[in-house]
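What follows is one structure encoded as structure tokens, with my remarks underneath.
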Amino acid sequence: MLYIKTLDTIRTMAEGGKLLYNTLELLKSEIRPGISTKELNKIAHRYIISNGASPTFLGYGGFPASICTSKNEVVIHGIPSYSCILQEGDIISVDVGVSYKGFHTDGARTFAVGRISSEAEQLIKVCTDSFFAGMKYASAGNRISDIGHAVEEYVKPYGYGIVREFTGHGVGNQLHESPSIPNYGKPGHGLRICDGMTLAIEPMINMGGDAVRIQKDGWTTVTADGKPAAHYENTVAVVSGQPVILTAPDVSL
Ligand code: MG
């Protein structure tokens with residue numbers, strides 16, 4: 001289902017988005033060698049609840065935690081655990097969903113644990129920059145596939161894999177709405193972008209090949225070749241024809 005939002009709704013989503021941004025910043029400050037991903041989950045859960053919102057992912061489709069924590073070769077949907085303890089040199093992707101006043105926002109980052117290799121640093125940077133390369137095309141009159149095409153063109157020179165089985169998506173009334181937003185493809189296809197769309201744009205970039213597989217728990221999605229992966233996501237609204245990041249500290253609308 002596609003939902004076009006009013007400016008009032010987008011403003012409400014921006015309030016939730018600010019909380020989501022602050023949650024990611026809090027997690028960033030807590031990430032260090034020796035902390036478990038379960039502890040990160042608790043920190044995020046408490047922070048979201050104490051700010052009058054709720055963690056969207058908890059119970060979504062049966063997901064057993066408030067955030068996703070995906071270490072090294074885990075691309076997305078890692079389940080927080082006391083036995084998953086971060087070590088110097090790891091990279092950790094955290095994905096957070098916030099439900100606030102009835103509307104959802106979605107955002108993710110990949111963080112370094114202590115000092116990491118220059119290869120891992122570059123992977124995180126290219127993934128982040130590919131989001132911004134794609135987001136620029138989320139303006140009125142363009143088509144949805146223009147976003148993914150720009151992501152793919154940005155990533156291509158680095159030879160990284162782009163995850164194909166999972167995509168960005170509309171977000172707001174529900175966590176996952178239409179349209180789906182692949183991070184690859186030809187330009188000029190799909191829905192025409194218009195004011196009131198709210199889109200979770202989220203490149204998932206692998207140091208090795210494209211292929212991923214889902215582990216027996218039904219969630220944890222890892223690279224097939226075991227190489228590390230990065231994830232970067234924001235919720236973006238189209239307002240006055242232009243993309244505006246809602247999962248951000250200060251949104252003026
Ligand atoms: Mg998402």
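Side chains included, hydrogens not; waters and symmetry mates left out as well; all remaining heavy atoms used. Note that the coordinates shown come from a computational prediction; the quantities given were computed from them, not determined experimentally. Atoms within a ligand are numbered from 1 in the order they appear, just like the ligands themselves. Along the sequence shown, residues are numbered consecutively beginning with 1.
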inquiry  = Taking the basic N atoms (NZ, or NE/NH1/NH2) and the acidic carboxylate oxygens, is any pair closer than 4.0 Å for K28 and E30?
reply    = no
request  = Fit a plane to each ring of F57 and F63, take the angle between them on a 0 to 90° scale, and name the class: parallel (under 30°), tilted (30 to 60°) or perpendicular (over 60°).
outcome  = perpendicular
inquiry  = In this structure, is the centre-to-centre distance between the rings of F166 and H77 below 6.0 Å?
reply    = yes
ask   = Is the number of heavy atoms from other residues, nucleotides or ligands under 6.0 Å of Y154 OH greater than 12?
value = yes
task = Check the Mg ion (ligand 1) and write out every protein N, O or S atom at under 2.8 Å, as residue and atom.
result = D106 OD2, H169 NE2, E202 OE2, E233 OE2
query = If you look at every heavy atom in M207 and L123, which pair is closest and at what distance?
reply = N-CD1, 3.8 Å
query = Is any NZ, NE, NH1 or NH2 atom of the basic residue among E15 and K101 found under 4.0 Å from an Asp or Glu carboxylate oxygen of the other?
reply = yes
